[in-house]
Amino acid sequence: MNSLLDMLLLAALLASSAAAPLSRIGGIDVMGDFTDVQTIGNIAYVAGGATGLMIFDVSDASSPKLLGSSADCIGCNTTAQYVTVVGTRAYVVPHYGGYFPPSTHHTVFAIVDVSTPSSPRQLGTYESDEPYHLINHFSYHLHVFISGNNYVYSRQHDGIHVVDVSTPSSPSLV
């Protein structure tokens with residue numbers, strides 16, 4: 001399999017006919033190092049590494065269509081390592097590409113309005129001033145979930161963090 005999107009299409013195939021022999025029924029050629037995917041209905045939200053957040057219509061598994069991406073997003077960070085979607089918001093953890101930025105100030109996650117998949121819009125970011133060298137970029141967010149207005153995440157060797165996202169333009173540590 002070449003990407004998480006191929007895996008998504010395989011999952012759709014398995015769900016539709018568990019007893020049938022497996023075969024690839026569709027795909028789409030896009031650049032990216034897909035690292036995470038979440039589907040809601042017929043929409044797939046894909047973290048594409050340096051390519052960023054990509055949003056696909058997968059209603060026709062034989063011919064998925066790219067609806068929008070970070071490239072279409074006003075003010076979006078252009079990279080994505082992990083994505084969690086709740087309602088009309090995507091919480092996107094940036095992809096750092098295996099390097100450590102020289103500064104200690106960095107985006108922990110971005111909040112993106114995906115209510116119109118063809119034109120996602122960044123609502124805000126949660127920034128951190130903690131020393132970047134303490135963060136292992138391969139396991140940046142080990143677990144993420146949204147509970148009410150709280151974005152809760154854990155990181156390797158760094159415990160659990162709770163961020164209030166009730167005001168998406170200025171999330172704050174609880």
Side-chain angles (χ1 to χ4, degrees), residues 3-12 27-61 64-97 101 105-128 135 137-155 158 160-174:
S3 68
L4 283 177
L5 191 56
D6 285 338
M7 290 173 27
L8 173 69
L9 293 172
L10 177 60
I28 187 169
D29 290 328
V30 292
M31 297 296 292
D33 183 16
F34 296 176
T35 55
D36 195 18
V37 65
Q38 181 176 352
T39 59
I40 298 176
N42 292 321
I43 305 296
Y45 302 87
V46 178
T51 305
L53 173 66
M54 292 179 278
I55 305 169
F56 294 92
D57 177 347
V58 293
S59 57
D60 178 359
K65 295 187 180 13
L66 179 63
L67 298 174
S69 71
S70 297
D72 305 313
C73 183
I74 299 167
C76 280
N77 182 308
T78 58
T79 68
Q81 185 72 26
Y82 303 104
V83 61
T84 301
V85 180
V86 177
T88 61
R89 294 182 185 168
Y91 298 84
V92 181
V93 177
H95 173 72
Y96 291 103
H105 191 74
H106 61 278
T107 300
V108 176
F109 64 89
I111 303 171
V112 179
D113 178 349
V114 293
S115 59
T116 305
S118 61
S119 57
R121 183 174 58 93
Q122 185 163 299
L123 300 173
T125 60
Y126 176 66
E127 307 286 329
S128 174
I135 300 169
H137 65 276
F138 291 112
S139 60
Y140 191 68
H141 284 96
L142 297 177
H143 300 284
V144 172
F145 71 94
I146 309 300
S147 175
N149 287 321
N150 293 321
Y151 176 98
V152 182
Y153 68 99
S154 68
R155 293 190 306 224
D158 196 20
I160 295 173
H161 303 265
V162 180
V163 178
D164 179 352
V165 294
S166 59
T167 305
S169 60
S170 60
S172 59
L173 190 63
V174 175

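In this text, all values refer to a predicted model and were calculated from it rather than measured experimentally.
In this structure, Ser170 has no side-chain hydrogen bond (donor to acceptor under 3.5 Å, both in side chains) partners at least two apart in sequence or on a different chain. For the side-chain hydrogen bond (donor to acceptor under 3.5 Å, both in side chains) test, no residue two or more places apart in sequence or in another chain qualifies with Thr84. Here Tyr45 pairs with nothing under the ring-ring contact (aromatic ring centres under 6.0 Å, His included) rule; sequence neighbours left out. A search for side chain to side chain contact (heavy atoms under 4.5 Å, CB included) contacts involving Ser166 returns Asn149, Asp164, not counting sequence neighbours. Taking Asp57 as the reference, nothing meets the salt bridge (Lys or Arg N to Asp or Glu O under 4.0 Å) condition, with sequence neighbours excluded.
The two residues Pro120 and Ser118 make their nearest non-hydrogen contact at CD-C, 3.7 Å. Heavy-atom minimum distance, Val83 versus Ala47: CG1-N, 4.1 Å. The heavy-atom pair separating Gly27 from Pro64 by the smallest distance is O-CD, 3.6 Å. Nearest approach of Val174 to Asn150, heavy atoms of both residues: CG2-OD1, 3.9 Å.
A distance of 5.0 Å separates CG in Leu123 from CZ in Arg121, rounded to the nearest 0.5 Å. Put simply, OG1 on Thr35 and CD on Gln81 are 4.0 Å apart, with the number rounded to the nearest 0.5 Å.
Below 30°, between 30° and 60°, or above 60°: for Tyr151 and Phe109 the angle between ring planes is below 30°, a parallel geometry.
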**Verdict with reasoning, Ile111 to Tyr126, per side-chain contact (heavy atoms from CB on, under 4.5 Å)** = CA-CA 8 Å; Ile111 303 171; Tyr126 176 66; over 6 Å; no

